[in-house]
Amino acid sequence: MNDTTASPPSSGGSGPVERTQPPWLIIVSLASLFLLWPLTGLFGFDSGTPRALLIVGVTAAAWIGVVGFGAVPRPVLALTLTGIAYGLLGAIVSLFFGGRGGALWTIIPALAINALWGCLAGLLAAGLQRLRGVGRSRGLQRLRGVRR
């Protein structure tokens, strides 16, 4: 399966534009960090603010670190989709295993908040990539296994 397609140059472009599929394996893997919530509950951690801050901090650090140091292409899109997947996983886990029992309409605002959180993490990861000097084309080549 080919994950890139070349499209004709736009009117202001100087060459073909390379488009990639989002890195779904990374997105799903990072979204699975949602499972820290029920796992910490099973191990008896208090359900207060310290637990929430710890889980949010660990999750944010993992998202930004993996994408920022991993040279993932289109980090903002990747982490925005990760935020949405995180929220969907949370809704599914809550539906099947019980939860706070909120109204169904609250899923949409929750997904929007998770998408915003992912977008902000993506901006930080993109900044980290830029500080490291990882260009877009180099990140794509690394994902394909091409070495310079």
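What you see below is based on every heavy atom in this structure, not just the backbone, and it leaves out hydrogens, waters and symmetry mates.
- Of all non-hydrogen atoms in Ala121 and Ile64, the two that sit nearest each other are O-CG1, 3.6 Å.
- The CG atom of Leu111 lies 7.0 Å from the CD1 atom of Ile84; values are rounded to the nearest 0.5 Å.
- Closest heavy-atom contact between Gly83 and Asn114: O-CB, 3.0 Å.
- Thr59 OG1 to Trp37 CH2: the interatomic distance, rounded to the nearest 0.5 Å, is 8.0 Å.
- At a threshold of 4.5 Å between side-chain heavy atoms, the hydrophobic network of Ile, Leu, Val, Met, Phe, Trp and Tyr places Leu116 and Leu77 in two separate groups.
- The shortest side-chain heavy-atom distance between Leu35 and Val93 falls under the 4.5 Å cut-off.
- In this structure, Val72 and Pro23 approach most closely via the heavy-atom pair CG1-CG, 3.5 Å.
- With side-chain heavy atoms closer than 4.5 Å counting as contact, directly or through intermediates, the hydrophobic cluster containing Phe43 also holds Phe45.
- A single hydrophobic cluster is not seen to contain both Leu36 and Ile113; linkage of ILVMFWY side chains at heavy-atom distances under 4.5 Å, directly or through other members, places them apart.
- No single ILVMFWY cluster, assembled from side-chain heavy atoms under 4.5 Å apart, contains both Val28 and Phe34.
- Atom-to-atom distance recorded for Thr82:OG1 and Ile26:CD1 is 8.5 Å, nearest 0.5 angstrom.
- For Ala78 against Pro73, the heavy-atom pair with the smallest separation is CB-O, 4.5 Å.
- The line from OG of Ser32 to CG of Leu30 is 7.5 Å long, rounded to the nearest 0.5 Å.
- By the rule that hydrophobic residues join a cluster once side-chain heavy atoms approach within less than 4.5 Å of another member, Leu128 and Leu123 end up as members of separate clusters.
- Of the inter-residue distances, the one linking Thr80 atom OG1 with Trp117 atom CH2 reads 12.5 Å to the nearest 0.5 angstrom.
- Annotation: the span from Asp46 atom CG to Thr40 atom OG1 amounts to 10.0 Å, rounded to 0.5 Å.
- Taking all atoms of both residues into account, the shortest heavy-atom contact from Gly68 to Gln129 is O-CG, 3.3 Å.
- Side chain of Arg74 to backbone of Gln21: no donor-acceptor contact under 3.5 angstrom is found.
- Note on Tyr86 and Phe96: same hydrophobic cluster, where clusters join Ile, Leu, Val, Met, Phe, Trp and Tyr whose side-chain heavy atoms are under 4.5 Å apart, directly or indirectly.
- Side-chain atoms of Leu33 and Trp63, non-hydrogen and from C-beta on, do get closer than 4.5 Å to each other.
- For the pair Leu89 and Ala31, the tightest heavy-atom approach, listed with the atom from each and the gap, is CD2-O, 3.6 Å.
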